[in-house]
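Single-structure report; data block below.
Given the structure is predicted, the values throughout are model-derived calculations rather than measurements. Just so you know, ligand 1 is whichever comes first in the structure, and atom 1 is the first atom listed for that ligand.
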Amino acid sequence: MSSEDTLNFAVIGCGGVTLQNHLPGLALCPEVKVVALCDADAATLERARQQTGVSVTCTRHEDIVKREDIHAVIIATPNFTHRSIALDAIAHGKHVLCEKPLALNHADAQAMAEAADRAGVRHMTAFTYRFVPAMRYLAQLVKRGDLGQPYHYRSCRLQDWGTRNLGWRQVKKLAGTGELGDMLSHRIDFAHLLIGPMKRLVANLKQWLPVRGGQPNDLDDWAAVLAEFQNGATGVLESSKLASGRNESWRSLDCVEINGSARSFVFITGEWNKLQTGKAGGPGLETIMIPEDFWKVPGAPRDPHQGDPLVTFRYDQVWEFVDAIRNQRPCIPSFHDGARAQAVMDAALESAETRQWMELRQLRDGIKRVVRGL
Ligand SMILES: NC(=O)c1ccc[n+]([C@@H]2O[C@H](COP(=O)([O-])OP(=O)(O)OC[C@H]3O[C@@H](n4cnc5c(N)ncnc54)[C@H](O)[C@@H]3O)[C@@H](O)[C@H]2O)c1
């Protein structure tokens with residue numbers, strides 16, 4: 001495809017994250033057109049149609065992915081649908097950006113990554129928080145060696161979602177896991193990005209509320225992982241929906257601290273343009289500002305001075321997808337990154353069930369083979 005060609009997109013799933021992240025991100029991209037919308041719920045579909053003016057609408061993804069005028073799809077549906085929609089889209093040669101968690105288990109996520117590779121299409125997992133300017137800058141400092149030998153990775157995600165009904169998010173067969181896949185998956189991805197693959201872990205999950213908003217909840221409200229990485233570093237990851245008084249989304253706590261032989265860094269999503277850092281033996285942490293070059297992904301069409309930066313960084317995600325399609329290069333993060341996070345989630349689930357440490361190379365049979373590739 002030449003760079004002059006317009007890229008035609010379909011968006012499958014027109015709920016919360018599509019309205020907040022994907023459609024505004026796509027609207028900024030030059031030579032990109034949303035030509036079709038799909039949602040299983042007719043009322044949601046109609047609302048999205050009215051907001052966007054997109055004329056092709058459909059309640060079945062099968063009718064969308066077979067259209068020849070569509071080059072790429074975004075899948076933003078409940079977790080249990082990701083695998084089948086993605087495989088159908090890939091079978092029709094579409095490039096795919098799929099929401100996280102990529103699938104319900106590692107075997108499915110790996111199958112999606114392998115199918116996309118075989119088909120030669122671009123594939124991307126929506127680990128949106130990689131696009132926070134401070135995280136992109138931190139990843140670069142770590143890659144440059146500023147951390148020294150990595151000692152510790154620590155992430156803490158504390159929100160107050162109260163007792164309300166979470167819809168499909170509180171049903172195991174629709175969501176797979178609760179807080180583990182919903183929020184901890186992003187922080188597992190941070191750990192992979194900053195420190196590398198995990199070697200072993202022990203995990204615990206806690207469900208406080210068997211009923212949410214009058215409906216059964218069969219999933220975890222809290223998840224924690226204690227990990228050892230292949231490079232010897234330690235990891236402590238905690239995430240909760242029940243940190244009363246902590247507020248939600250970017251108004252709540254999302255913190256990562258890494259300590260290495262040379263220095264430490266602290267990242268807080270709410271402070272998108274700052275990091276805290278201190279050098280070994282130094283007087284304590286100081287705040288450094290993120291250089292303006294990092295306020296958006298290079299080449300991204302948005303003006304980083306426009307809008308709320310805690311919302312607008314999310315628009316860079318779809319730009320990464322578009323740029324990878326145009327330049328025929330792998331997306332970062334890809335389905336393989338989604339599958340790696342899923343392997344850790346599988347191990348965490350199994351650890352919580354069996355009350356045992358899990359070696360990431362010694363999971364139950366179906367996973368054993370593919371986890372070796374980590
Ligand atoms: N990357 C992020 O930061 C982020 C943020 C929020 C949600 N998410 C992920 O995005 C996905 C969607 O979450 P949401 O909050 O937008 O949920 P949502 O419930 O608001 O929207 C999902 C939509 O999908 C539709 N749908 C269900 N099954 C469908 C099917 N088979 N075909 C077409 N449409 C279907 C529903 O009718 C609904 O409108 C989930 O996987 C979630 O984990 C990611």
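Summarising the geometry, atom CE belonging to M183 is positioned 11.0 Å from atom OG1 belonging to T177; distances are rounded to the nearest 0.5 Å. Considering CD1 of I290 and CH2 of W295, their distance stands at 10.0 Å, rounded to 0.5 Å.
For ligand 1, the atoms lying closer than 4.0 Å to a non-hydrogen atom of T128 are 1 (N), 2 (C), 3 (O).
In A76, the part holding a heavy atom less than 4.0 Å from any atom of ligand 1 is the backbone. Contacts of H61 with ligand 1, taken as heavy-atom pairs under 4.0 Å, are absent altogether. By the criterion of a heavy-atom distance under 4.0 Å, neither the backbone nor the side chain of Q317 is placed next to ligand 1. At a heavy-atom distance under 4.0 Å, no atom of F127 approaches ligand 1. Residue Q20 does not touch ligand 1, judged by heavy-atom distances below 4.0 Å. With a heavy-atom cut-off of 4.0 Å, V17 touches ligand 1 through backbone and side chain alike.
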| query | Hey, mind stepping through W161 and E179 against side-chain contact (heavy atoms from CB on, under 4.5 Å) and telling me if it holds? | reply | CA-CA 11 Å; W161 283 28; E179 188 66 2; 5.9 Å; no
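With a 4.5 Å cut-off on side-chain heavy atoms, V256 and F265 do not count as touching.
The closest non-hydrogen atom to atom 36 (C) of ligand 1, taken over I64, D39, I85, T18, comes from D39. With atom 24 (O) of ligand 1 as the reference point, the heavy atom nearest to it among S84, P78, G15 is part of P78.
For atom 43 (O) of ligand 1, the closest non-hydrogen atom on the protein side is K100 O, 2.9 Å.
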